[in-house]
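Comments concern the structure below.
A quick note: this is a predicted structure, and the numbers were derived from the prediction, not measured. Any value given below was found using the heavy atoms of this structure, including those in side chains, with hydrogens, waters and symmetry copies removed.
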Amino acid sequence: MARRSPVKVVGSRLVQALPVILLATFMVFALLKLVPGDIAVTLAGDNATDARITEIRKIYGLDRPFLVQYGAWLGNVAQGDLSQSLLTGEKVADSIGRAFPNTLLIVVIALALALVTGIPMGVMAAIKPSGWIDKLISMLASLGVAVPGFWLAMILVAEFSLKLNWLPATGAKSFSASPVDAIRHALLPGVAIAAYGMAEVARQLRGALLEVLSSQYVRTLHAKGLSMSRILWQHGLKNVGVNLLTIISLLVNRMLAATVVIEAVFAIPGLGSLIVRGAIQRDFPIVQGVVFTMVVVVIAVNLITDLLCAAVDPRIEQ
Amino acid sequence: MMMTTRREVMALISGALATTTLGGRAFAEGAPKKGGTLRISAPANPSSLDPATGGAGSDHAFLFTMYDTLTEWEFDTLKPKPGLAESWKFTDPTTLVLNIRAGVTFHDGTPFDAEAVKFNLERNRSDAKSNIKADLLSVAAVEVTGPQQVTLKLKTPDTALPGILSDRAGMMVSPTALKAAEGGVVTRKPVGAGAYSFVSWADGEKIMVKRNEKYWKPERPLPDGIEISIIPELTTGARSVTAGQNDLIYQLPPRQKVIIERASSVKVVHGPTLYVFQIFLNWAKPPFDNIKVRQALNFAIDRESFVKAALAGLAEPAYMNLPRAHWAYDAEVAKLYPYDPDKARKLLAEAGFKEGTPIEFGGYPDQDSVQRQEILIEQLRKAGINARFVNAPVAEASAAFFGPEKKGAGLLSAWTGRPDPSLTYSLMFTKDAYYNGGRAPVPAELEAAIKESRASEDIDTRRKAFSTVQRLVMENAFVAPLAFQFELVAMNKKVQGYRPNLLGKPKYDDVWLGS
């Protein structure tokens, strides 16, 4: 079968992404409307009367039919406007623009740490399966998967912020203003999320490598007299590249989700805190905006992964 | 204006004692000095920085920094005192004359005068977006009767107004800014005449204000500015103070006290507030449509133990909706419901209520709320009441109970302070009030007594009226008050001059930063 050009692939994937975005935002919108609790009550203030709440619904257009409200939101998005917070009037695009870099930095740090630690662990474990190193690494990996991120986060804060005073306990700094300070703030949350990633990378890589190393062509390479390290780094890792890319894309998506809890522990004003605040206050433009952003990010990550996989392994049909 | 009575002096002393037992250290060490940025951890993003359109009780901690009010209150008793209004006088029961301070300007340079006051009060009481119309319901007309004088013509006598003008309704916004603002609201660009002027607001993240160099109070404010970080997770907020990233955190739960006191760099102050944990009751439907069941509930609660177990002793048992320190507190009413499980059982039997029948209450799912519920369930069980809690997030549970759904027989929640007690009572115990979940009628004499409490300016007459109000509310057991939460504030040792107040919403009037 003839290979399609990457441009075409990207184009068709974007077209496929549209219904996903529509469905996801519609479902979230519906959920927000279905669960009890009403932003009109919050908007009406502490001394509200029933009449005032009805009035508020009218002022903010909350009395319109559900589909009309969703349609209005969608219409705005189509024109590039994520509308504004019902409660505070801040533009949702501004809120996201400020929050996203904070979340992104944590995820990038977490991913880098997970790879830097996870890949060597996976390789070492695969070299001598069932050896003591493998057993130790398996144990560490199990621990990494089992330990809840928020718990690890609190332990890290207690040790490195409160006791040793090396790193800040809360908050975030803008990366563009001062990269060093921003990384210092994002380091502990990054480590807290990375633990799981490290474990996942180590386990998956070990499994994939073992399969490659037990294959016939590796036996041939051994027979040719190639050293173990050359087999491993030149042939082994190349062949598990696709697995690794898949793990990374899954990890990025999962880490994005993990930031919701971690950001609360570190009081980081990121996407996670934003969506939690929006959901609790039923401030649906915020929730919709963040969901929209998340969906776009996940689709983009998957698309990039697919393109990279195809580049690494030409056998993969696009 | 008003004479201080012996009881008020006692209240003041007990209030002061409560604050000084641990809070003494908070009072100034050395001479107050200018400079520095006060960094605060706040638990919630403001709903709006426009006093008329906001909705949350937690907004005041931000609003008070930027907006001055027509009247202010005494920190310990909440008695109104002059603010932007130098003095006020009821020339007759339906005419309130406010004399406005001269020489004050808003942050944008607009002069603060009688016209500005009229503009604000008219907006607050009639603008479609105003959330505080109800506060000024008694006002019929606002007239400028001099360059520095405004006269309020009232529909009915309303002596709660001086108190009300110390809150949102009395926060003065620059008319120039309001007229220029999109939609006529200054949600995101507040311009007041307060000690600090607005710098920036990043939602859910940070609010910054800087010193108003032209502030009318001499030698105030002392810090160069305030930086308020919004940290909803209180444990995290407390950590930010112990780690030295913030200087002060307020509204800490009592259980944090022991933990935060371990940090040597931090001091803790606390004092009583009007914030009361209570069970709201729906007396429009069974079982609480029966007065005996409501009374039984009140007898079944051991408030002293509740304070110890649920609030680490940092609270005052609540037998009515006002704490001991308040000027309208009535010690006789407080004696109505001593802990008496036997009496509760007896009342239940008289009401024909079958022991052990489950009663469904609404509640909130956070750790502290659930702990309060567990303690109550156990206390009520001893009196033969089988309480069940159905938990949901605050907005959801409140809407289900107070809104049209009318879910549950009661709601374990809290009532935040109001500047004048008449608001507290009229917002909960009149027929169509939102916080009367069942919208059920109350005795005519109660409605009359609430009106009466706003009819006289004389504090003794008002106090008598409030005694009647409180007695009727508690005799009818329309609510089961549990405990007044103390304000618990933790701060860096360099923070000086912070005083808790009875309203429980922090004001940083005299705060300064030492070295």
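Heavy-atom pairs under 4.5 Å with chain A were tallied for B:G237, B:A399, B:S240; the largest tally goes to B:S240. Contact count against chain A (heavy-atom pairs under 4.5 Å) is highest for B:A202 among B:S398, B:A202, B:G244, B:S48. Of the residues considered (B:S229, B:A400, B:A128), B:A128 shows the highest number of contacts with chain A, using heavy-atom pairs under 4.5 Å.
For B:P46, the part sitting under 4.5 Å from any heavy atom of chain A is the backbone (N, CA, C, O) and nothing else. B:A243 touches chain A through backbone and side chain together, each having a heavy atom under 4.5 Å away. If you measure heavy-atom distances from A:T88 to chain B, the contacts under 4.5 Å come from both the backbone and the side chain. Heavy atoms closer than 4.5 Å to chain A are found in the side chain of B:K133, but not in its backbone. For B:A433, no part lies near chain A; criterion is any non-hydrogen pair under 4.5 Å. In this structure, no portion of B:T424 lies under 4.5 Å from any heavy atom of chain A. Residue B:S426: no heavy atom, backbone or side chain, is found under 4.5 Å from chain A.
Listed in order of number, the residues of residues 51-71 of chain A that approach chain B to under 4.5 Å between heavy atoms are A:R52, A:I53, A:E55, A:I56, A:I59. The contact list for residues 152-171 of chain A toward chain B, using heavy atoms and a distance under 4.5 Å, reads A:M154, A:V157, A:L162, A:N165, A:P168, A:A169, A:T170 by residue number. Of residues 98-114 of chain A, those residues lying under 4.5 Å from chain B by any heavy-atom pair are A:R98. Identified by a heavy-atom distance below 4.5 Å to chain B, the contributing residues of residues 264-271 of chain A are A:A264, A:V265, A:F266, A:A267, A:P269, in residue-number order.
Atom CD of residue A:E90 and atom CG of residue B:N45 lie 8.0 Å apart, to the nearest 0.5 angstrom. Atom-to-atom distance recorded for A:D283:CG and B:S47:OG is 11.0 Å, nearest 0.5 angstrom.
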Problem set entry | side-chain hydrogen bond (donor to acceptor under 3.5 Å, both in side chains) between B:D203 and A:S95, worked out | CA-CA 7 Å; B:D203 263 14; A:S95 307; 4.7 Å; no
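For B:K189, the NZ atom counts as loosely surrounded, since its 6.0 Å shell holds 12 or fewer non-hydrogen atoms of other residues, nucleotides or ligands.
A heavy-atom distance below 4.5 Å is not found between the side chains of B:R188 and A:Q84.
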